[in-house]
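Notes follow the structure.
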Amino acid sequence: MKTKAFIFDLDGVIVDTAKYHYLAWQKIANQLGIEFTPEHNEGLKGVSRVRSLDLILELGKIEASQENKDKWLVEKNEDYLSYLVDMDESEILTGVVPVLHYLKENKQLIALGSASKNARPILEKTGIIHYFDAIVDGNDVSNAKPDPEVFLRAAALLNMAPENAIVFEDSVAGIQAANIAHMTSVGIGDANILHEAAYIFPDFAHIETNFIETLVNK
């Protein structure tokens with residue numbers, strides 16, 4: 001087999017922490033009298049914490065000082081982190097570990113490309129950090145998806161050209177970032193939402209080894 005770079009987003013792809021982000025953002029929104037629904041939360045997938053707050057404030061037509069924004073960002077993160085305290089391998093989404101194991105067994109390169117600033121502790125708590133040859137998270141980049149910075153950095157750390165990288169993403173912004181970087185985009189989730197992806201699967205349980213072999217040998 002050839003060697004390719006397989007880059008994974010974190011939230012909604014490897015673990016279902018999106019539900020915790022939603023609860024934490026909803027708490028902030030409720031304080032501000034803003035109705036914040038699961039549908040609104042979909043629009044925050046793959047988006048940085050700072051930009052997410054701005055979008056929520058826009059939703060409520062609220063202008064705020066930087067001081068207040070900073071305070072809410074801290075509150076949101078502290079609330080979110082409180083949900084992560086008891087995380088373990090049970091939080092890993094169905095089918096992810098077999099795919100990671102298959103890639104590692106076949107000497108493929110694996111990276112994380114996530115906007116989350118909590119990526120490393122999450123990978124450690126779920127016991128899968130050893131699968132990753134490189135980790136690029138929100139602490140390492142300045143541009144949020146759909147800017148491809150996070151994926152380009154991950155490919156560079158693996159010494160791989162972008163065209164030899166495959167990205168697994170659950171957000172529209174993430175799929176767009178992969179496409180802009182000229183990487184192969186694989187959407188994980190709703191085909192109606194992720195229609196810009198080159199390939200789409202409802203979850204990793206639907207990804208078979210022959211599909212991965214096809215990607216590697218393209």
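Because the structure is a prediction, the values reported are computed rather than measured.
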Mind checking whether F168 and L158 sit in one hydrophobic cluster, side chains of I, L, V, M, F, W, Y counted as touching below 4.5 Å?
no
Once you measure the plane-to-plane angle for F8 and F204, does it fall in the parallel (<30°), tilted (30-60°) or perpendicular (>60°) bin?
parallel
From L123 atom CG to I128 atom CD1, the distance as rounded to the nearest 0.5 Å:
5.5 Å
Under the side-chain hydrogen bond (donor to acceptor under 3.5 Å, both in side chains) criterion, do S171 and E169 qualify, and how do the steps go?
CA-CA 6 Å; S171 72; E169 261 286 355; 3.1 Å; yes
Mind checking whether M160 and T3 have side chains closer than 4.5 Å, heavy atoms only?
yes
Single-linkage hydrophobic cluster, 4.5 Å side-chain cutoff, Y20 and L112 together
yes
Taking N143's backbone N and O only, do any of them form a donor-acceptor pair with E149's side chain (distance below 3.5 Å, no angle check)?
yes
Are side-chain N/O atoms of T37 and E39 paired as donor and acceptor at under 3.5 Å?
yes
Sub-3.5 Å donor-acceptor pair from the side chain of Q108 to the main-chain atoms of K4, do we have one?
yes
Verify the distance criterion only: is there a donor paired with an acceptor across the side chains of T94 and D203 at less than 3.5 Å?
no
A119 backbone acceptor or donor facing S114 side chain under 3.5 Å
no
Quickly, which of I188, L194, I193 forms a side-chain contact (heavy atoms from CB on, under 4.5 Å) with D190? Name it, please.
I193
Would you tell me whether D11 and H21 have side-chain atoms, one donor and one acceptor, within less than 3.5 Å of each other?
yes
Is a donor on one side and an acceptor on the other found under 3.5 Å between the side chain of D88 and the backbone of T126?
no
Tell me if a side-chain donor or acceptor on N106 pairs with a main-chain N or O of Y102 at a distance below 3.5 Å.
yes
Ring-face cation contact, Y80 with K76, 6.0 Å cut, 45° max
yes
Could you tell me whether the side chains of N217 and E213 share a donor-acceptor contact shorter than 3.5 Å?
no
Do any N or O atoms from the side chain of D140 and from the backbone of D137 form a donor-acceptor pair under 3.5 angstrom?
yes
For Y131, does its backbone N or O pair with a side-chain atom of K104 as donor and acceptor, under 3.5 Å?
yes
R49 meets the salt bridge (charged side-chain N to carboxylate O under 4.0 Å, His left out) criterion, sequence neighbours left out, with none
I'd like to know whether CD of E35 has more than 12 heavy-atom contacts from other residues, nucleotides or ligands below 6.0 angstrom.
no
With no hydrogens and no angle check, is any side-chain donor or acceptor of E208 less than 3.5 Å from a backbone partner on N210?
no
Kindly check if the number of other-residue, nucleotide or ligand heavy atoms within 6.0 Å of CD (Q66) is above 12?
yes
Is the closest side-chain heavy-atom distance between N41 and F36 below 4.5 Å?
yes
In terms of ring plane angle, is the pair F211 and Y199 parallel, tilted or perpendicular, where the classes change at 30° and 60°?
perpendicular
